[in-house]
Amino acid sequence: MHIEKALDPATNKLTYPPPRPGETTANRVKARPPIKGPLGGELPKATPGNHAVPRNTVQRTALRGGPKGGDVKNRNVFSGFPFTVEADNNYSLRTRANYCKHYTEDVYEQYGWN
């Protein structure tokens, strides 16, 4: 279900972090993740591996594993630093912070994950 949701442009714009106009991973301030939303204006993600879309699109390209060490680079974008989200009631994580804890706090609480 997770992969199906990620590949479907109608639903993947509501996955986290939500892509919004002008936001990219490259220009994002790590200590200020996008607020949860939805706020309206979320954009669909171009996730590779969807063979149900037209050819010559990013979504139609093969989904491949990243380069060696890419997982560490990805984690450095989304975790390992303190952050506060003022628009989400000053939600703050000071230690062992990651975007997943911010966006799915209820799941962490449900399973007792610290």
Exercise. Which residue pairs pass the side-chain hydrogen bond (donor to acceptor under 3.5 Å, both in side chains) test with at least one member in residues 4-13, sequence neighbours excluded?
Worked result: none

Problem set entry | Considering all heavy atoms, the nearest P48-A62 contact | CB-O, 3.9 Å

Exercise. Any donor-acceptor pair under 3.5 Å linking the side chain of Q110 with the backbone of Y108?
Worked result: no

Exercise. In the single-linkage hydrophobic clustering (I, L, V, M, F, W, Y; side-chain heavy atoms under 4.5 Å), do L43 and Y103 co-cluster?
Worked result: no

Problem set entry | Closest contact, heavy atoms only, P44 versus P9 | CB-O, 3.6 Å

Seminar exercise, completed: When rounded to the nearest 0.5 Å, the distance separating CG of N98 from CZ of F83 is 6.5 Å

Identify all side-chain donor-acceptor contacts of residues 49-56 below 3.5 Å with residues at least two apart in sequence or on another chain.
from: N50; atom 1: OD1; to: A52; atom 2: N; distance (Å): 3.0
from: N50; atom 1: ND2; to: L7; atom 2: O; distance (Å): 3.0
from: H51; atom 1: ND1; to: R60; atom 2: NE; distance (Å): 3.4

